[in-house]
> 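I'd like to ask you about the structure that follows.
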Amino acid sequence: MTDVTQLPDLLPVLPEIFLAVGALVLLMIGVFGGPRIGFLVNGMSMGLIAATGLFVLPFGAQLGETFGGAFLLDGFAYYMKLLVLTGSFFAIAMSWAYAKSQAFDRFEYPVLIVLATLGMLLMLSANDMIALYLGLELQSLALYVVAAINRDSVRSTESGLKYFVLGSLSSGMLLYGMSLVYGFSGQVGFPQIAEVLTREGASLGLVFGLVFVLAGLAFKISAVPFHMWTPDVYEGAPTPVTAFLAAAPKVAAMGLTVRVVIDAFQPVTADWQQIIVFVAIASMLLGAFAAIGQTNIKRLMAYSSIGHMGYALVGLAAGTVAGVEGVLFYMTAYLAMTLGTFACILSMRRKDGMVEEISELAGLSRTNLPMAILLAILLWSLAGIPPFIGFFGKWFVFSAAVEAGLYPLAIIGVLASVVGAYYYLRVIKVMFFDEPAEKFEAMPMELRVVLGLSSLFVIFFAAVPGPVVEAAGAAAKSLF
C-alpha cells in the first residue's frame, strides 16, 4: 500500500501553498480584468503578502520538515521569512506613486513580485540542493523579467538582459558545484552532506564543489567578485524595481547562504571560512571605494549594497552562533535602512519626471526639511554612526569576528566603514550646504508611511533593542 501524505505533514508549508494559489488567482484577475486592473491587482498583492505574513505567525510553532526532509521550517527560516514578506510588502506599496506618474500600472509587476517572494520563502526553507535550486530559480526568473518590465525604456531592457545573462552563468556555476558535491558525497540533503563530511572529511573534489556553490550564491547577494551586474541593473531598472532588488532578495539570498554553509558544510568550516573572509574583504573595500565617484544615487546605492553584504559576511565568517545572530540582525537593520532610503529616492520627482542625480538633492533642507533630516539620519545609519541601528548592526558582526579570532577581518571592516562614511556624508553635505535646486513634488502618502516607519525603527531601536536582538539570537541558535 502506497504511503499517503497526511495534511498535518503540510502544515510547515501552508503559507507557501497559500501564496502560490493567491499568485495564480491574481494572474487570472489581471489577465481577464481589462487594461485598468493594475491598481486593483497591486492592492490585492499587498493584501496577499500581508495575509501570508499573518498566516506564518500562527504556524510559527508548527516547526518541522516535510517533503522527505527537503523543506524545513525552523526558527531561522521563520525569522527570515517575516523579513522577506515585510520587504516585499513595502516594495509593492512604494510603487503606487511611480505607477501613477510613469504609466507603470501593469498588473504583471505585483504578480511577479509575489512569485519572486514565493521563491524566496522556498529558498529559506530549502534543506537539500534540489529544493535550494528550485526556490532560487523561481525567484530569479521573476526578477529577470521585473528588471526589464519597462519595455519602452532601453535602460530597463538592457538591465534585464545583463541580469539574465550573468544570472544564467551563476546558475550554471551553482549547478556544477552541486553536481560535484553530490558526486563526492553521494548526498543532496544538507544534514546528510554534513554527516558524510563529519565521518570522512572533505575530499578535493568536494571542496571544488563547495567553491562553485558559494560562487553561485555570491552572485545572488552581489558580493565581489560576482557583483558586476549590480550597478547597471540598479540604475537601469525602474526605481520601484531597484528598491525591491535592494531589499527582500538580498535578505533571502543571505539567509540561503547562511543555511548552506552552516547546515551542510559546518564540519569543514576551515575550508569555507577562507572563501567567506576573502569575499567579505573584497566586497567591503570595493563598496567603499567604488561608490566615491558616483553621481547617480541608484548606482551609489548599488555599491553601498555590495559593501553592506560584505559587512554581513563578516558575521558569517565567524561561523559561530554569535556570528549568525549578527548576520540576522544586520540584515534586519539593512532592510529598514534600505526601504527608507528608497522611499526618499522615489520622491525625487518633478513635473517633468523622475531625477536620479545626487546633485538634484541640492538644498533639500530648504525646500523639504523633514525629508532632508530623515534621509540624513538614514544615511548616517548606513554609515554606521551611533546611536542609529546601523551602528549596532556593525557592532554585532565585528564583535563576532573578534570573538572568533578574525582580527584582521574586523580591522579591515572598520576601516572600510570609515571610507564608506565619506560618500554618505557627501550626500548630506549636498542636501544641507549647496544652493537649492528646483523643489520636488509633494511626497505621496504611501512613501511618507514607509519613510516614517523605517526612520522610527532606525532612530529608536537603541531605546528598545531587546525584542529584535532576542528574536535574532533564537533564530541563530536553531541552526546549531
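The figures here come from the full heavy-atom set of this structure, side chains too, leaving out hydrogens, waters and symmetry mates. If you're wondering where the values come from, they're calculated on a predicted model, not measured in any experiment.
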> Does any non-hydrogen side-chain atom of K81 lie less than 4.5 Å from one of F76?
no

> Looking only at non-hydrogen atoms, find the nearest pair between A312 and M254 and report the distance.
CB-CE, 3.7 Å

> Give the ring-plane orientation class for F398 versus Y311, where under 30° counts as parallel, over 60° as perpendicular and anything between as tilted.
perpendicular

> Using the side chain to side chain contact (heavy atoms under 4.5 Å, CB included) rule, pick out the option among V146, L48, L27 that qualifies with V111.
L27

> Under a 3.5 Å distance rule, please check whether S170 uses its side chain to pair with a backbone N or O of G167 as donor and acceptor.
yes

> Keeping T332 on the side-chain end and L328 on the backbone end, is there a donor-acceptor pair under 3.5 Å?
yes

> Tell me the closest heavy-atom pair linking I276 and L313, and the distance in Å.
CG2-O, 3.5 Å

> Between R299 and D232, does any side-chain N to carboxylate O distance fall below 4.0 Å?
yes

> Search all heavy atoms of S88 against all heavy atoms of I49 and return the closest pair with its distance.
CB-CD1, 3.9 Å

> Nearest heavy-atom pair of G287 and Y423: which atoms, and what distance?
O-OH, 3.3 Å

> Indicate yes or no: does E356 engage R155 in a salt bridge with an N to O separation below 4.0 Å.
yes

> Heavy atoms, side chains only, cut-off 4.5 Å: are T320 and V324 in contact?
no

> Rounded to the nearest 0.5 Å, what's the gap from NZ on K250 to OG1 on T230? Could you check?
5.5 Å

> From L375 CG over to I428 CD1, what is the distance, rounded to the nearest 0.5 angstrom?
7.5 Å

> Is there a side-chain contact between S305 and T338 in this structure, where contact means two heavy atoms from C-beta onward sitting under 4.5 Å apart?
no

> Give the intermediate values and the outcome of side-chain contact (heavy atoms from CB on, under 4.5 Å) for residues Q192 and D128.
CA-CA 9 Å; Q192 290 78 22; D128 70 19; over 6 Å; no

> Would the distance check show the side chain of Q139 and the main-chain N or O of G135 forming a donor-acceptor pair, the cut-off being under 3.5 Å?
no

> Compare all side-chain heavy atoms of V430 with those of S359 and state whether any distance is below 4.5 angstrom.
no

> Drop me the distance from S347's OG to L451's CG, to the nearest 0.5 angstrom.
7.5 Å

> Say whether, by atom type as modelled, one donor and one acceptor occur between the side chain of Y144 and the main chain of K162 under 3.5 angstrom.
no

> Among L374, V427, L425, find the one that has a side chain to side chain contact (heavy atoms under 4.5 Å, CB included) with L379.
V427

> Out of curiosity, S455 OG to I389 CD1, how far, rounded to the nearest 0.5 Å?
12.0 Å

> For the CZ atom on F432, are there more than 12 heavy atoms of other groups (residues, nucleotides or ligands in this structure) within a distance under 6.0 Å?
yes

> When you measure from the centre of the six-membered ring of Y234, is the NZ or CZ of K298 under 6.0 Å away and within 45° of the axis?
no

> First locate atom CG of L180, then atom CZ of F212, and finally report the distance between them rounded to the nearest 0.5 Å.
7.0 Å

> Quiz question: by atom type and distance under 3.5 Å, do the side chains of E235 and S159 form a donor-acceptor pair?
no

> Between R350 (side chain only) and E438 (backbone N and O only), is there a donor and an acceptor less than 3.5 Å apart?
yes

> Answer yes or no: is there a side-chain heavy-atom contact under 4.5 Å between F457 and L453?
no

> Would you say S417's side chain and A383's backbone share a donor-acceptor pair under 3.5 angstrom?
no

> Determine the minimum heavy-atom distance between G310 and S283, stating which atoms define it.
CA-CB, 3.7 Å

> Any non-hydrogen side-chain atom of I358 less than 4.5 Å from a side-chain atom of R426?
yes

> May I ask you to decide if L122's main-chain N or O and S125's side chain share a donor-acceptor pair within less than 3.5 Å?
no

> For residues I193 and M129, determine if any side-chain heavy atom of one lies less than 4.5 Å from a side-chain heavy atom of the other.
yes

> What's the verdict on side chain to side chain donor-acceptor pair (under 3.5 Å) for Y163 and S140, showing C-alpha distance, side-chain angles and the deciding distance?
CA-CA 9 Å; Y163 194 15; S140 298; 5.7 Å; no

> Got a second to check how far I262's CD1 is from F190's CZ, nearest 0.5 Å?
12.0 Å

> With heavy-atom distances below 4.5 Å as the criterion, would you say the side chains of V279 and F226 are in contact?
no

> Can you label the angle between the F391 ring and the W395 ring as parallel, tilted or perpendicular, going by 30° and 60°?
tilted

> Do you know which two heavy atoms are closest between A317 and L409, and how far apart they sit?
CB-CD2, 3.8 Å

> Run the ring pair (Phe, Tyr, Trp, His ring centres under 6.0 Å) test on Y330 and F396 for me, step by step, so that the C-alpha distance in whole Å, both residues' side-chain angles and the decisive distance to 0.1 Å come before the verdict.
CA-CA 8 Å; Y330 197 95; F396 277 115; over 10 Å; no

> Is the backbone N or O of L124 less than 3.5 Å from a side-chain atom of R259, with the two atoms forming a donor-acceptor pair by type?
yes

> Show your working on side-chain contact (heavy atoms from CB on, under 4.5 Å) between F342 and M337 and close with a plain yes or no.
CA-CA 9 Å; F342 271 99; M337 296 183 293; over 6 Å; no

> Please evaluate residues F265 and D271 with respect to the criterion side-chain contact (heavy atoms from CB on, under 4.5 Å), reporting the C-alpha separation (whole Å), side-chain torsions for both, the decisive distance (0.1 Å), and the verdict.
CA-CA 9 Å; F265 297 103; D271 293 305; over 6 Å; no

> Counting only heavy atoms from other residues, nucleotides and ligands, does the tally under 6.0 Å from CZ of F480 exceed 12?
yes

> With side-chain contact (heavy atoms from CB on, under 4.5 Å) as the criterion, how do F71 and E16 come out once you've worked through the C-alpha distance, each side chain's angles and the decisive distance to 0.1 Å?
CA-CA 11 Å; F71 184 96; E16 284 78 6; 3.7 Å; yes

